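Comments concern the structure below.
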Amino acid sequence: MERLEAHRSFFANLVTASAGLRGPGSSRLVAALASTPRERFVGPGPWRVFTAAGYVETPTDDPAFLYQDVTVALKAEGQINNGQPMLHALCLATLNPQEGEAAVHVGAGTGYYTALLAQLVGPTGSVVAYEIEPDLAQRATANLADLSQVTVHARSASEGPLPDCDVLYVSAGATGPLDSWLDALRPGGRLLVPLTPAQGAGAMLLVTRGEADRFEARFVCRAMFIPCAGARDEETAQRLSEAFKREDLKDVKSLRRGTPPDETCWCAGQGWWLSTAGKP
């Protein structure tokens with residue numbers, strides 16, 4: 001047990017430091033990573049680790065292999081993975097969940113990053129998780145059973161309204177923020193979603209709701225995710241492919257809804273567009 005605790009502590013410091021997260025502001029995330037047993041969520045080993053050349057199997061079922069910055073298969077046949085810890089650490093730090101806040105997690109998998117969200121919002125907060133794969137949702141429900149502030153739904157989060165929330169974390173690639181996701185955000189609420197094109201890497205988009213229906217927006221980092229069922233449009237995916245080629249992600253400053261795009265448009269989807277101007 002002491003050995004595993006040492007591995008988790010090292011892992012927590014490794015992935016947060018690799019993500020550029022240092023100092024007192026990252027202490028809660030470090031503690032959450034250090035106290036959450038990844039092996040509970042990825043199932044029994046040996047495990048298959050995802051690489052650019054395909055999966056590589058660990059030689060044994062020693063959990064030490066999990067406490068590195070590696071992506072681990074949950075369902076290798078569909079390339080459904082427990083994603084890269086450094087990327088998710090950066091994403092969670094960007095969302096900055098606070099004690100007592102309400103969070104929604106779209107694409108929970110078997111619940112590992114849902115558990116980290118739950119640690120960050122604490123027992124006075126809440127996390128509502130959605131997972132469309134029935135077997136993964138069943139595993140997530142079991143894995144998270146000891147966290148009373150977490151509820152898991154075995155369905156798509158692209159259908160119907162979502163509960164009002166302060167934090168909405170999407171862990172599957174969309175071609176745009178759905179109306180139901182934006183509508184669920186409370187004032188000051190943060191949505192982090194991977195916008196992914198037809199092929200190749202996309203980027204994590206942070207949207208923050210201000211007063212009325214005004215939204216600040218900025219890209220955080222490049223990322224690749226499996227597609228988010230119900231949140232993709234092929235025409236928009238092609239537009240995103242062209243937009244990402246320009247390498248001007250830093251110019252995006254706001255998200256607009258229900259208005260025609262103007263000369264500041266970076267990319268437009270169905271009923272929304274990203275602007276290089278600040279919020280109106």
Side-chain angles (χ1 to χ4, degrees), residues 1-95 97 105 107-120 129 131 133 136 139-140 142-144 147 169-173 192 194 196 201-204 220-226:
M1 183 60 70
E2 288 183 5
R3 176 176 173 273
L4 267 182
E5 288 176 353
H7 279 302
R8 289 185 193 124
S9 179
F10 168 76
F11 168 75
N13 286 289
L14 172 70
V15 299
T16 51
S18 298
L21 309 172
R22 304 292 285 178
S26 63
S27 59
R28 294 172 59 245
L29 179 56
V30 169
L33 285 160
S35 62
T36 305
R38 197 180 187 195
E39 62 272 20
R40 177 197 296 182
F41 296 89
V42 297
W47 300 278
R48 302 182 73 181
V49 173
F50 181 77
T51 75
Y55 288 100
V56 175
E57 187 167 297
T58 62
T60 71
D61 62 356
D62 185 343
F65 290 111
L66 300 176
Y67 294 107
Q68 305 173 49
D69 189 31
V70 293
T71 298
V72 180
L74 298 176
K75 294 178 72 170
E77 63 275 11
Q79 289 197 354
I80 300 176
N81 304 311
N82 178 253
Q84 183 189 17
M86 183 185 76
L87 171 63
H88 286 275
L90 176 59
C91 290
L92 289 170
T94 299
L95 282 166
H105 189 197
T110 56
Y112 178 64
Y113 294 109
T114 311
L116 295 178
L117 263 177
Q119 294 266 23
L120 294 170
E131 175 51 52
E133 295 282 337
L136 299 185
R139 289 170 62 185
N143 291 335
L144 298 164
L147 296 171
Y169 187 26
V170 182
S171 296
L192 190 61
T196 53
M204 302 301 302
V220 176
C221 63
R222 286 284 195 165
M224 292 185 71
F225 279 83
I226 62 169

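Remember, predicted model here, so these are calculated numbers, not experimental data.
Residue Asp61 comes nearest to Gly45 through the heavy atom pair CB-C, 3.6 Å, listed as atom of the first residue, atom of the second, then distance. Nearest heavy-atom pair, Ala223 versus Leu87, reported as atom, atom and distance to 0.1 Å: CB-CD2, 4.1 Å. Contact record, Ala12 with Ala34: CB-N, 3.7 Å, taken as the closest heavy-atom pair. Across all non-hydrogen atoms, the minimal contact from Ala32 to Leu120 is CB-CD2, 4.5 Å. Closest heavy-atom contact between Gly109 and Ala140: O-CB, 3.5 Å. Scanning both residues, Glu131 and Gly107, for their nearest heavy atoms gives OE1-C, 3.6 Å.
Separating the CD atom in Gln68 from the CE atom in Met86 is a distance of 14.0 Å, to the nearest 0.5 Å. With rounding to the nearest 0.5 angstrom, the OG1 atom of Thr196 is 10.0 Å from the CE atom of Met204. Distance check, rounded to the nearest 0.5 Å: CG of Leu74 to CD of Glu133 gives 10.5 Å. The distance from atom CZ of Phe41 to atom CG of Leu116, rounded to the nearest 0.5 Å, is 8.0 Å. For the atom pair CG (Leu117) and CG (Leu144), the distance works out to 10.5 Å, reported to the nearest 0.5 Å. Leu33 CG to Leu14 CG: the interatomic distance, rounded to the nearest 0.5 Å, is 10.5 Å.
Contact of the Thr110 side chain with the Val42 side chain is not registered, since no non-hydrogen atoms from C-beta on lie closer than 4.5 Å. Contact check for Pro59 versus Phe65: side-chain heavy atoms found under the 4.5 Å cut-off. Contact annotation: the side chain of Val220 never approaches that of Cys91 to less than 4.5 Å [non-hydrogen atoms, C-beta and beyond].
Under the 3.5 Å distance criterion, the side-chain polar atoms of Arg3 are left unmatched by any main-chain donor or acceptor of Ala64. No donor-acceptor distance shorter than 3.5 angstrom exists from the side chain of Arg38 to the backbone of Tyr112, with no hydrogens or angles considered. Checking side-chain atoms of Gln84 against main-chain N and O of Thr71 turns up no donor-acceptor pair under 3.5 Å. Looking at Thr94, its side chain does come within 3.5 Å of a backbone N or O of Leu90 through a donor-acceptor pair. A side-chain donor-acceptor contact under 3.5 Å links Tyr113 to the backbone of Gly83. Using a distance-only test at 3.5 Å, with no hydrogens or angles considered, no donor-acceptor pair links the side chain of Ser171 to the main chain of Ala108.
Aromatic ring orientation, Tyr169 versus His88: perpendicular (interplanar angle above 60°, classes split at 30° and 60°).
Partner of Leu192 under the side-chain contact (heavy atoms from CB on, under 4.5 Å) criterion, chosen from Leu92, Val170, Leu95: Leu95. Under the side-chain contact (heavy atoms from CB on, under 4.5 Å) rule, Pro85 has a single partner from Thr16, Asp69, Leu66, which is Asp69.
Other residues, nucleotides and ligands contribute over 12 non-hydrogen atoms within 6.0 Å of the CZ atom of Arg222.
No hydrogens or angles considered: a donor-acceptor pair under 3.5 Å links the side chains of Tyr67 and Arg8.
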Might you work through the side chain to side chain contact (heavy atoms under 4.5 Å, CB included) test for Phe11 and Thr36, ending with a clear yes or no?
CA-CA 11 Å; Phe11 168 75; Thr36 305; over 6 Å; no
